[in-house]
Number of protein chains: 2
Amino acid sequence: MAADGTRRTRAFEEVLLQVEHRIAGDGLKVGDRLPGERQLAEQLGVSRASVREAIRVLETLGVVSSQVGRGPDAGAVLTSRPDSALTDLLRLSLSLSSLSLREVIDTRLMIERWSAEHAAHTANANRAADVDGNAGTDGDTRHDALAAAAAAMEAMDAARDPEEFVRHDIAFHVAIAEASGNRLVAAVMRALRGAMRKYAIEAVERLGDTGVLREDHRRIHRAVLAGDAATAAEAVTVHLAHAYPELF
Amino acid sequence: MAADGTRRTRAFEEVLLQVEHRIAGDGLKVGDRLPGERQLAEQLGVSRASVREAIRVLETLGVVSSQVGRGPDAGAVLTSRPDSALTDLLRLSLSLSSLSLREVIDTRLMIERWSAEHAAHTANANRAADVDGNAGTDGDTRHDALAAAAAAMEAMDAARDPEEFVRHDIAFHVAIAEASGNRLVAAVMRALRGAMRKYAIEAVERLGDTGVLREDHRRIHRAVLAGDAATAAEAVTVHLAHAYPELF
DNA sequence: TACCGAGTATGGTCAGACCATACTCCAGGG
DNA sequence: CCCTGGAGTATGGTCTGACCATACTCGGTA
């Protein structure tokens, strides 16, 4: 029986290990190319099919991107797109109902309150910096994000159906997360909203009128712009309570 | 030329769509089996290799698990293990350094403060319920998690090297996150800590003495047990400042 | 110089084969 | 009757070899 426990590693798993070592060891960076499938297969002594399965995994994790054809950009190129992977992960986990809506909304609350607070703080810091005349790229990021949030608010006012409304609603909330300046938090937010898109549309349909939600958005946006972290966080909490009254 | 934009969908992507539709539409649940690779290939009109690539993706996303052999549990079974997928995702994203340490630690701060606060609140609610004699499964989860945290603290006292210390440190912090009762937050925490394991070991080595960190853990644990959310959150912040002084 | 076609490296896909595994089932012995 | 062992079989795991579509590279030609 060989109380081994560890199932014999499959060929593609070995490929994954080797490739990850190569990334960490050789200091490969985004934009660098991996060897071709045939070459990699020969180097590692496995079939091309196994190499392909490994590459598919890496593609799923958002670290490589494959292009056909020939030239400098052909083949498997290292990238860093964790967003879609995160989104897929959460969406599938939700549809397998391994998570409750309550847990997801609580997580949103955590992220959005934090984001709004930090975006507001950054607003203050930036106002101070502006006086000195040096804004910096962080300020640019935040400024762009808040502009995007404002645009999303207008788009929501003009939205003709729940699907369109939710699309801009997602844009708004992601923009607030981006305004915090933390890309990891923003990525999680984007994934979360993308994964629960369907639920959000249903929630809006149940609600009927979106006037309350739109007014909430304005309050959040105003508070962040004003650098009032406490008010921004409170506005976020109120907003989610309006969107999902059954949980509060 | 055909300003199409959308690269022709690959065969395995079509398989993914079909399988996801089947999961959502047929109401498949965790534990249910997918058709065999050969059967799926025939149904969808693609080769077995393409089906395998799709299954590999699903496996990466933690929604299926494959077993060889025969019987009720053989084949591709629906599961829900988002943890390892999340961990891999973050680890690779970090090693491609698309994220700064600052962003990661800030995210940890957000999650751990929130977890500690909620674990403390749950502690209060449970104390009230205990008086009535009905604890419930939520209380069990929390109780088990806090016991695990206590065990991890003792193990850290006995740890002989940074690697061992960090292993139990991760267990402690994950346990606190689990004590919040939110599995999504706990999963993100687990992934985050797993992904930055190497960095944590280096940080401990730089620090030398772990006495301060161990004392921090005791303060966090005490505060959560006592149901003192504010103190618990503050203790978490102090703890991370001790672990990563260069960021504060 | 500008254009156009052959050459070629790359991923995408398929068909078919064989192996290892682990359950199922049944015959035979206790 | 129960138990045990072996044959049967469905499943994933792996490999080989082939062909296609794509998109760049390079050389020849107008």
Side-chain angles (χ1 to χ4, degrees), chain A residues 1-19 28 31-79 81, chain B residues 1-19 28 31-79 81:
Chain A
M1 190 55 47
D4 192 341
T6 66
R7 166 172 81 221
R8 183 172 149 285
T9 67
R10 295 173 281 186
F12 81 89
E13 292 172 320
E14 180 61 26
V15 177
L16 280 177
L17 277 180
Q18 294 301 326
V19 171
L28 295 183
D32 291 346
R33 285 180 52 184
L34 252 42
E37 295 179 355
R38 294 169 176 85
Q39 192 179 340
L40 211 45
E42 193 185 3
Q43 286 178 15
L44 303 179
V46 299
S47 74
R48 199 180 147 210
S50 295
V51 169
R52 280 181 65 80
E53 292 187 15
I55 288 183
R56 204 86 311 138
V57 169
L58 292 174
E59 209 177 296
T60 302
L61 292 173
V63 298
V64 310
S65 157
S66 293
Q67 287 86 25
V68 297
R70 192 178 158 163
D73 272 12
V77 178
L78 287 179
T79 63
R81 312 200 152 284
Chain B
M1 196 69 41
D4 192 341
T6 66
R7 165 170 80 223
R8 183 173 150 286
T9 66
R10 297 173 281 186
F12 81 90
E13 292 172 321
E14 180 59 28
V15 177
L16 281 176
L17 276 181
Q18 294 301 325
V19 171
L28 294 183
D32 291 346
R33 285 179 52 183
L34 251 42
E37 295 179 356
R38 293 170 177 84
Q39 192 179 340
L40 212 44
E42 192 185 3
Q43 285 177 14
L44 303 179
V46 299
S47 73
R48 199 180 148 210
S50 295
V51 169
R52 282 181 62 79
E53 291 187 15
I55 289 182
R56 205 86 312 138
V57 169
L58 292 174
E59 210 176 295
T60 303
L61 293 174
V63 297
V64 310
S65 158
S66 293
Q67 286 87 28
V68 296
R70 191 176 156 163
D73 273 10
V77 178
L78 287 179
T79 63
R81 315 199 150 284

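Every chain is numbered from 1 and lettered A, B, ... according to where its sequence line falls, protein lines coming before strand lines.
The distance from atom CZ of A:F12 to atom P of D:dG12 is 14 Å, rounded to the nearest whole Å. A straight line from CD of A:E42 to C1' of D:dG17 spans 15 Å, rounded to a whole angstrom. In this structure, B:L40 places its CG atom 13 Å from P of C:dC14, rounding to the nearest Å. Taking atom CD of residue A:E14 and atom C1' of nucleotide D:dC15, one finds them 17 Å apart after rounding to whole Å. Across the protein-nucleic acid pair, A:L44 atom CG and D:dT14 atom C1' stand 15 Å apart, rounded to whole Å. Between the P atom of C:dG12 and the CD atom of B:E53 lies a distance of 8 Å, rounded to the nearest Å. Atom CD1 of B:I55 is separated from atom C1' of D:dG12 by 9 Å (rounded to the nearest Å). Look at CZ on B:R48: it is 12 Å from C1' on C:dA15, rounded to the nearest Å.
Across B:V57, B:V46, B:V51, a single residue satisfies side-chain contact (heavy atoms from CB on, under 4.5 Å) together with B:F12, and that is B:V57.
Smallest separation of non-hydrogen atoms from B:V15 and B:A54: CG1-CB, 3.5 Å.
Inter-residue side-chain proximity for A:L44 and A:E14 is flagged as unmet; no heavy-atom pair is nearer than 4.5 Å. A:V19 has its side chain out of reach of A:I55: every pair of non-hydrogen atoms, C-beta onward, lies at least 4.5 Å apart.
Proximity of A:R52 to the phosphate of C:dG12: a side-chain N or O atom is located under 4.0 Å from OP1 or OP2.
When the nearest nucleotides of DNA chain C are assigned to B:R38 and A:R38 by heavy-atom distance, the more 5′-ward of the two goes with A:R38. Residues A:G45 and B:R33 each lie close to DNA chain D; by heavy-atom proximity, the contact nearer the 5' end of the strand is made by B:R33.
Taking a cutoff of 4.0 Å between a charged side-chain nitrogen and a carboxylate oxygen, B:E59 and B:R56 qualify as a salt bridge.
Distances were taken from every side-chain heavy atom of B:R56 (C-beta onward) to each of D:dG13, D:dT14, C:dG12; the shortest belongs to D:dG13. Across C:dC14, C:dG7, C:dT10, the shortest atom-to-atom separation from the side chain of A:R70 is found for C:dG7. Of the candidates D:dT14, D:dT11, C:dG12, the closest approach to any side-chain atom of A:S50 belongs to D:dT14.
Note on B:A11: only backbone sugar-phosphate atoms sit closer than 4.0 angstrom, heavy atoms only; bases stay farther off.
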